[in-house]
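Structure first, commentary second.
Source: prediction; values computed, not measured. Remember, it's 1-based here, ligands and their atoms both numbered in the order they're listed. Position 1 is the first residue of the sequence; numbering continues from there.
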Amino acid sequence: MKAPKRVAVTGAAGQIAYSLLFRIANGDMLGKDQPVILQLLDITPALPAVRGVVMELEDCAFPLLAGVVVTDDPNVAFRDADYALLVGARPRSKGMERKDLLEANGAIFTVQGKALNDHASRDVKVLVVGNPANTNAYIAMKSAPDLPKKNFTAMLRLDHNRALSQLAAKTGRTVDSIEKLVVWGNHSPTMYPDIRFATSNGDALPKLVNDDAWVKDTFIPTVGKRGAAIIEARGLSSAASAANAALDHMRDWALGTHGKWVTMGIPSTGAYDIPADIVYGMPVTCKDGEYTLVEGLDIDAFSRERMQATLAELQGERDGVKHLVG
Ligand SMILES: NC(=O)C1=CN([C@@H]2O[C@H](COP(=O)(O)OP(=O)(O)OC[C@H]3O[C@@H](n4cnc5c(N)ncnc54)[C@H](O)[C@@H]3O)[C@@H](O)[C@H]2O)C=CC1
Ligand SMILES: O=C([O-])CC(=O)C(=O)O
């Protein structure tokens with residue numbers, strides 16, 4: 001039996017966590033042979049609700065669940081954490097953009113970045129889900145100067161998965177036949193889902209779609225505004241699909257993609273003319289617990305314009321949180 005991995009999850013009383021925790025404990029993230037210890041963080045008034053979730057976890061009798069810690073102290077939640085899923089933050093409601101949450105949520109990530117810096121494993125893999133996810137990941141990374149920057153990522157996998165489903169429906173191909181899709185930039189309506197390199201069973205996807213107007217006027221905005229459409233329909237922001245994407249992101253990072261491209265929000269090292277440290281959706285492959293950027297892709301004029309627009313938004317968000325990162 002493998003030694004257990006410590007998985008910290010914040011916002012443990014929230015709706016995403018309610019879909020996420022049971023699947024982590026079931027082995028859907030790190031594999032069916034990997035025991036886990038869940039280290040659950042929420043704010044003090046939410047701890048009774050977290051304890052209720054823990055009762056349900058116990059009642060599932062998951063063989064892989066080797067322990068549970070419940071706390072309102074980030075220094076406890078992140079102690080020796082191998083994985084940290086930073087979900088806890090306020091969600092938006094109807095009429096808000098995700099960046100409207102920066103004021104309410106940004107400060108959470110300075111505190112949690114520092115606690116990760118001081119207490120987590122030096123190899124901790126951090127996924128920020130709480131919105132605005134890219135800039136919150138940037139804040140956490142900047143607040144953790146002793147950890148490698150590459151340990152900090154933001155979730156664009158939900159956007160990637162949304163794009164896959166839209167493309168499968170349009171082409172009549174299966175979602176798992178589609179490869180080499182990229183979602184560039186910010187987890188916001190400015191994101192740029194890019195199908196230029198995509199294939200389905202080896203066939204060029206742009207040829208299968210064969211409808212530039214649909215790509216520009218329907219596909220790109222549908223993917224970009226999907227979160228708002230779900231809030232409109234459900235009255236609450238996406239939860240089960242967000243939890244599913246978080247599992248996909250962490251599973252692929254930990255266990256590898258076997259050559260397949262996936263989208264992760266990663267701190268730029270300057271590739272594709274994205275300034276260093278901006279956390280930006282990029283195509284990566286994962287192997288042996290590390291992600292590698294897919295480099296050298298051709299960027300045409302339309303794509304450059306889209307990538308620049310989503311970058312400009314991220315730079316604006318970064319400038320807005322200068323006071324938080326010192
Ligand atoms: N990146 C992405 O693709 C997606 C991101 N999200 C974001 O995920 C976040 C969580 O969403 P939900 O679970 O639906 O919200 P929720 O409101 O149901 O749960 C949030 C939880 O976080 C807790 N929390 C607040 N401050 C905290 C702190 N300082 N430390 C620890 N926990 C804290 C709250 O008490 C609550 O239990 C939101 O910001 C939402 O916008 C949601 C969907 C997709
Ligand atoms: O849109 C929201 O506020 C929640 C979210 O990030 C998503 O569903 O993509």
Side-chain angles (χ1 to χ4, degrees), residues 8-21 39-53 70-78 84-116 126-137 139-140 143 153-163 183 185-191 193 222-250 263-265 279 281:
V9 180
T10 76
Q15 49 150 7
I16 293 176
Y18 196 67
S19 289
L20 182 61
L21 297 174
Q39 307 195 153
L40 306 180
L41 178 73
D42 211 304
I43 54 174
T44 315
L47 289 186
V50 179
R51 292 202 180 91
V53 175
V70 175
T71 181
D72 54 6
D73 181 352
N75 298 313
V76 174
F78 296 136
L85 292 89
L86 308 191
V87 180
R90 210 180 117 187
R92 64 173 164 156
S93 39
K94 284 184 193 179
M96 291 172 86
E97 276 310 335
R98 298 184 186 99
K99 64 184 171 203
D100 298 334
L101 296 169
L102 209 43
E103 207 48 52
N105 290 340
I108 295 174
F109 293 86
T110 53
V111 175
Q112 295 187 359
K114 185 170 185 324
L116 284 161
V126 182
L127 169 64
V128 176
V129 174
N131 279 316
N134 299 54
T135 298
N136 288 337
I139 295 169
S143 306
T153 66
M155 191 162 95
L156 275 97
R157 186 59 174 267
L158 181 53
D159 311 301
H160 186 103
N161 288 348
R162 286 167 171 165
V183 184
N186 199 6
H187 174 63
S188 86
T190 65
M191 73 179 79
T222 299
V223 175
K225 294 181 191 155
R226 187 70 160 186
I230 287 165
I231 293 170
E232 190 59 41
R234 232 170 69 84
L236 286 169
S237 68
S238 63
S241 56
N244 181 67
L247 288 165
D248 283 351
H249 177 118
M250 283 306 217
T263 302
M264 288 170 68
V279 177

Report the part of [X] (side chain from C-beta onward, or backbone N, CA, C, O) that has a heavy atom under 4.0 Å from ligand 2; answer both or neither where that applies.
X: Met191; value: neither
X: His187; value: side chain
X: Asp159; value: neither

Proximal candidate to atom 43 (C) of ligand 1 [heavy atom criterion; set Ala246, Ala154, Gly130, Ser238]: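 Comparing heavy atoms across Ala246, Ala154, Gly130, Ser238, the nearest one to atom 43 (C) of ligand 1 lies in Ser238.
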Nearest candidate to atom 15 (O) of ligand 1, where distance is taken over non-hydrogen atoms, out of Pro91, Ser241, Gly14: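 Looking at heavy atoms only, the winner is Pro91.
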Within reach of ligand 1, part of Ile108 (heavy-atom separation under 4.0 Å):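 Contact part for Ile108 vs ligand 1: side chain (C-beta onward).
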Residue part near ligand 1, for Ile16, under 4.0 Å between non-hydrogen atoms: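 Both backbone and side chain.
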N or O contact, Ala17 vs ligand 1, cut-off under 3.5 Å: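 There is no such contact.
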Hey, which atoms in ligand 1 end up nearer than 4.0 Å to a heavy atom of [X]?
X: Arg90; answer: 38 (C), 39 (O)
X: His187; answer: 1 (N), 2 (C), 3 (O), 4 (C)
X: Ala242; answer: 43 (C), 44 (C)
X: Ala89; answer: 9 (C), 10 (C), 20 (C), 22 (O), 38 (C), 39 (O)

Of all the atoms in ligand 2, which lie at a distance below 4.0 Å from a heavy atom belonging to [X]?
X: Ser237; result: 4 (C)
X: Ser238; result: 7 (C), 8 (O)
X: Gly227; result: 1 (O), 7 (C), 8 (O), 9 (O)

Can you name the closest pair of heavy atoms from [X] and [Y] and give their distance?
X: Ala154; Y: Ala133; answer: CB-O, 3.7 Å
X: Gln39; Y: Ala77; answer: NE2-O, 2.8 Å
X: Ser237; Y: Pro91; answer: OG-CB, 3.7 Å
X: Leu85; Y: Ala246; answer: CD2-CB, 4.2 Å

So, does [X] sit close enough to ligand 2 that a heavy atom of it is under 4.0 Å from the ligand?
X: Asn131; value: yes
X: Arg162; value: yes
X: Ile231; value: yes

Give the residue, atom name and distance (to 0.1 Å) of the protein heavy atom nearest [atom].
atom: atom 3 (O) of ligand 2; value: Arg92 NE, 2.5 Å
atom: atom 21 (C) of ligand 1; value: Gly11 CA, 3.6 Å
atom: atom 24 (N) of ligand 1; value: Asp42 OD1, 3.7 Å
atom: atom 40 (C) of ligand 1; value: Asn131 ND2, 3.6 Å
atom: atom 18 (O) of ligand 1; value: Gln15 N, 2.9 Å
atom: atom 27 (C) of ligand 1; value: Ile43 CG2, 3.5 Å
atom: atom 10 (C) of ligand 1; value: Val87 O, 3.2 Å
atom: atom 1 (N) of ligand 1; value: Val129 O, 3.1 Å

Steps toward side chain to side chain contact (heavy atoms under 4.5 Å, CB included) verdict (Ser238, Leu158): CA-CA 10 Å; Ser238 63; Leu158 181 53; 3.7 Å; yes
Is the shortest heavy-atom distance from the side chain of [X] to the side chain of [Y] under 4.5 Å?
X: Val87; Y: Leu127; result: no
X: Met96; Y: Leu101; result: yes
X: His160; Y: Pro193; result: no
X: Leu86; Y: Ile108; result: no

Pair Leu41-Gln112, side chain to side chain contact (heavy atoms under 4.5 Å, CB included): steps then yes or no: CA-CA 10 Å; Leu41 178 73; Gln112 295 187 359; 3.5 Å; yes
Residue Arg92 excluded, over 12 heavy atoms near CZ under 6.0 Å: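 Atom CZ in Arg92 is packed in, count exceeds 12.
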Please confirm whether the backbone N or O of [Y] pairs with a side-chain atom of [X], one donor and one acceptor, at under 3.5 Å?
X: Asn134; Y: Gly185; value: yes
X: Asp42; Y: Asp72; value: no
X: Asn136; Y: Phe109; value: no

Option among Leu47, Leu21, Thr10 that satisfies the side-chain contact (heavy atoms from CB on, under 4.5 Å) test with Leu40: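 Testing Leu40 for a side-chain contact (heavy atoms from CB on, under 4.5 Å) against Leu47, Leu21, Thr10 leaves exactly one candidate, Leu21.
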Distance-only polar pair, side chains of Asn161 and Asp248, donor-acceptor under 3.5 Å: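 Asp248 and Asn161 do have a side-chain donor-acceptor pair below 3.5 Å.
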Non-hydrogen atom of Gln112 closer than 4.0 Å to ligand 1: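 Heavy atoms of Gln112 do come under 4.0 Å of ligand 1.
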